[in-house]
K.L.:
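This is the structure I want to talk about, given as structure tokens.
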Amino acid sequence: MFGNDWDEVLQQETQADYFNNIRYALAAEYKTQTVYPPKEDLFSALKLTPYHKVKAVIIGQDPYHGAGQAHGLSFSVRPGVRVPPSLKNIYKELQNDLGVPVPRHGSLIHWAEQGVLLLNAVLTVREGQPNSHQALGWQTFTDAVIRELNERTEPMVYMLWGSHAQKKGAFINRDKHLVLESTHPSPLAAHRGFLGSRPFSKANEFLVSQGIKPIDWTIPEN
């Protein structure tokens, strides 16, 4: 399903009754509604970032609900798609924190390939209806993803932006992992704690202190 070690790690979840219920519900949704992301991008976060390679986790709420935006990675959009306001603030903080140039596109695949798990708490959404799949069962599945990561031997960084993400990370072992919390990067909240929080440099400082190669947060233009 995922094409890497997540297949074994999440085997119990993907064979559970609730996960089959999600599959059945989604099959009907994709037939009768416009649902994002496209089916082939549903598990992009797990496919691009294998379990053993995760260095940092950025938790989003649910996918973008506009046409052509969501492609399976939290906060990310494909090249050529207008950069959403929350991502603009992430780029602004990245530039202020590390001096990284602001890219002209919104694709965060480069981060995912380096071990940044860009995980939405809910993996699907109906077009134009934010939070429309909150009751589908995804929360149970993504809780399991976070639980499995929490139990991994190697330490990692969790970036929990906003109250929704912070609730999602309530059971993380903070003696082993670094948890960075702030307000959400959306324009409504970014100035109340996200901007100026320096999550990217703090993440790398922690990784280096644990003998782990830091993340190159620079986003290539191509």
Side-chain angles (χ1 to χ4, degrees), residues 2-6 36-38 40-64 66 68-121 123 142 145-146 149 152 154-162 165 177-178 180 182 184-186 190 194-195 197-222:
F2 310 116
N4 54 37
D5 52 0
W6 281 114
Y36 300 126
E40 62 270 20
D41 294 329
L42 193 52
F43 297 110
S44 289
L46 298 170
K47 289 179 178 179
L48 287 170
T49 312
Y51 173 75
H52 74 283
K53 286 191 175 181
V54 177
K55 296 179 181 181
V57 184
I58 298 177
I59 300 174
Q61 188 164 331
D62 65 343
Y64 295 122
Q69 290 182 302
H71 66 123
L73 305 177
S74 62
F75 294 103
S76 179
V77 293
R78 293 190 184 281
V81 177
R82 186 176 179 181
V83 178
S86 291
L87 185 52
K88 285 183 179 179
N89 281 331
I90 291 171
Y91 284 169
K92 183 177 181 180
E93 179 60 20
L94 183 62
Q95 184 179 43
N96 290 338
D97 187 5
L98 294 176
V100 169
V102 175
R104 291 191 294 269
H105 64 82
S107 173
L108 303 179
I109 286 177
H110 178 66
W111 288 1
E113 291 174 341
Q114 286 193 85
V116 182
L117 182 65
L118 297 162
L119 182 70
N120 280 314
L123 299 188
T142 52
V145 172
I146 296 169
L149 287 170
R152 207 184 68 175
E154 298 85 355
M156 66 194 75
V157 181
Y158 292 84
M159 298 183 181
L160 306 181
W161 299 333
H177 307 296
L178 177 65
L180 299 173
S182 75
H184 195 275
S186 74
F194 175 76
L195 295 175
S197 63
R198 304 191 63 226
F200 308 103
S201 60
K202 288 176 181 176
N204 277 354
E205 286 165 9
F206 175 78
L207 293 173
V208 170
S209 76
Q210 300 296 318
I212 300 169
K213 184 180 177 182
I215 295 161
D216 174 15
W217 294 102
T218 304
I219 298 171
E221 287 295 347
N222 297 318

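Keep in mind that the numbers below use all heavy atoms, side chains included, and drop hydrogens, waters and symmetry copies.
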K.L.:
Show your reasoning for whether side chain to side chain contact (heavy atoms under 4.5 Å, CB included) applies to V116 and T49.
P.N.:
CA-CA 7 Å; V116 182; T49 312; 6.0 Å; no

K.L.:
Go through the steps to decide whether I58 and L117 satisfy the test side chain to side chain contact (heavy atoms under 4.5 Å, CB included), and finish with yes or no.
P.N.:
CA-CA 6 Å; I58 298 177; L117 182 65; over 6 Å; no

K.L.:
For residues L119 and V145, determine if any side-chain heavy atom of one lies less than 4.5 Å from a side-chain heavy atom of the other.
P.N.:
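The answer is yes, as the side chains (C-beta and beyond) meet within the 4.5 Å cut-off.
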
K.L.:
Answer yes or no: is there a side-chain heavy-atom contact under 4.5 Å between I219 and L108?
P.N.:
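Yes; the side chains approach each other to less than 4.5 Å.
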
K.L.:
Indicate yes or no: does D41 engage R78 in a salt bridge with an N to O separation below 4.0 Å.
P.N.:
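Result for this pair is yes, salt bridge flagged.
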
K.L.:
Check whether any side-chain N or O of N89 sits under 3.5 Å from a backbone N or O of A190 as a donor-acceptor pair, and report yes or no.
P.N.:
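A pair under 3.5 Å: no.
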
K.L.:
Could you pull out all residues at least two apart from S186 that satisfy side-chain hydrogen bond (donor to acceptor under 3.5 Å, both in side chains)?
P.N.:
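Partners of S186 under the side-chain hydrogen bond (donor to acceptor under 3.5 Å, both in side chains) test: none.
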
K.L.:
Determine, stepwise, if the pair K88 / V83 fulfils side chain to side chain contact (heavy atoms under 4.5 Å, CB included).
P.N.:
CA-CA 6 Å; K88 285 183 179 179; V83 178; 3.7 Å; yes

K.L.:
For a 4.5 angstrom cut-off between non-hydrogen side-chain atoms, does D97 reach L94?
P.N.:
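Sidechains of L94 and D97: no contact.
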
K.L.:
Which pair of non-hydrogen atoms, one from P50 and one from W6, has the smallest distance, and what is that distance?
P.N.:
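Result for this residue pair: C-NE1, 3.5 Å.
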
K.L.:
When rounded to the nearest 0.5 angstrom, what distance separates CD in E154 from OH in Y51?
P.N.:
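The CD atom of E154 sits 7.5 Å away from the OH atom of Y51.
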
K.L.:
Look at atom CZ of R152 and say whether more than 12 heavy atoms of other residues, nucleotides or ligands are closer to it than 6.0 Å.
P.N.:
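Result for CZ/R152: enclosed.
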
K.L.:
Are any of the side-chain heavy atoms of E93 and F194 separated by less than 4.5 Å?
P.N.:
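The answer is yes, as the side chains (C-beta and beyond) meet within the 4.5 Å cut-off.
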
K.L.:
Determine whether a donor-acceptor pair (N or O, by modelled atom type, separation under 3.5 Å) exists between the side chain of Q69 and the backbone of G66.
P.N.:
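The answer is yes, because a donor-acceptor pair under 3.5 Å joins these two groups.
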
K.L.:
Quick one, F75 and P84 - any side-chain contact, counting heavy atoms below 4.5 Å?
P.N.:
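F75 vs P84: side chains apart.
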
K.L.:
Rounded to the nearest 0.5 Å, what separation is found between the CG atom of L195 and the CG atom of N96?
P.N.:
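CG of N96 is found 7.5 Å from CG of L195.
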
K.L.:
Residues in salt bridge (charged side-chain N to carboxylate O under 4.0 Å, His left out) with D62, at least two apart?
P.N.:
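With neighbours one apart ignored, the set is empty.
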
K.L.:
Check P214 against L207 and note the closest heavy-atom contact, atom names and distance.
P.N.:
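P214 and L207 have their closest heavy atoms at CA-CD1, 4.3 Å.
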
K.L.:
Between S76 and Y64, is there a side-chain heavy-atom distance shorter than 4.5 Å?
P.N.:
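Side-chain contact under 4.5 Å: no.
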
K.L.:
Does a side chain donor of either S74 or N120 reach within less than 3.5 Å of an acceptor in the other side chain?
P.N.:
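Their side chains do not contain a donor-acceptor pair, so the 3.5 Å distance test is not met.
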
K.L.:
Is there a side-chain contact between E221 and P103 in this structure, where contact means two heavy atoms from C-beta onward sitting under 4.5 Å apart?
P.N.:
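Sidechains of P103 and E221: in contact.
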
K.L.:
With ring centroids as reference points, do Y158 and H177 lie under 6.0 angstrom apart?
P.N.:
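Aromatic pair counts; centres sit under 6.0 Å.
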
K.L.:
Tell me whether K47 at atom NZ has more than 12 heavy atoms from other residues, nucleotides or ligands lying less than 6.0 Å away.
P.N.:
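It does: K47 NZ has more than 12 such atoms within range.
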
K.L.:
So M156 and L149, do their side chains get closer than 4.5 Å, heavy atoms only?
P.N.:
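The answer is yes; the side chains approach within 4.5 Å.
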
K.L.:
Centroid-to-centroid, Y91 to H105, below 6.0 Å?
P.N.:
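When the ring centroids of Y91 and H105 are compared, they turn out to be at least 6.0 Å apart.
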
K.L.:
For the residue pair T218 and H110, what are the closest heavy atoms and their distance?
P.N.:
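Closest heavy-atom pair between T218 and H110: O-CD2, 2.9 Å.
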
K.L.:
Using 0.5 Å steps for rounding, measure from the CZ atom of F43 to the CG atom of N4.
P.N.:
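Result: 12.0 Å between the selected atoms.
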
K.L.:
What closest approach, in Å, do G106 and L87 show between heavy atoms, and which atom pair accounts for it?
P.N.:
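In terms of heavy atoms, the two residues are closest at O-CD2, 3.3 Å.
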
K.L.:
Identify the two heavy atoms, one from P199 and one from M159, that lie closest to each other, and give their separation to 0.1 Å.
P.N.:
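Heavy-atom minimum between the residues: O-CE, 3.6 Å.
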
K.L.:
Angle class for the W111/W217 ring planes (parallel below 30°, perpendicular above 60°, tilted otherwise)?
P.N.:
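Perpendicular: the ring planes of W111 and W217 meet at over 60°.
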
K.L.:
On a heavy-atom basis, which atom in P37 and which in L42 lie closest, and how many Å separate them?
P.N.:
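For P37 versus L42, the nearest heavy atoms are CG-CA, 4.1 Å.
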
K.L.:
Scan side-chain atoms only and decide if H71 and S44 contain a donor-acceptor pair under the 3.5 Å cut-off.
P.N.:
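H71 vs S44: no donor-acceptor pair found between side chains.
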
K.L.:
Verify side chain to side chain contact (heavy atoms under 4.5 Å, CB included) between D216 and Q114, making sure each step is shown before the conclusion.
P.N.:
CA-CA 8 Å; D216 174 15; Q114 286 193 85; 3.4 Å; yes

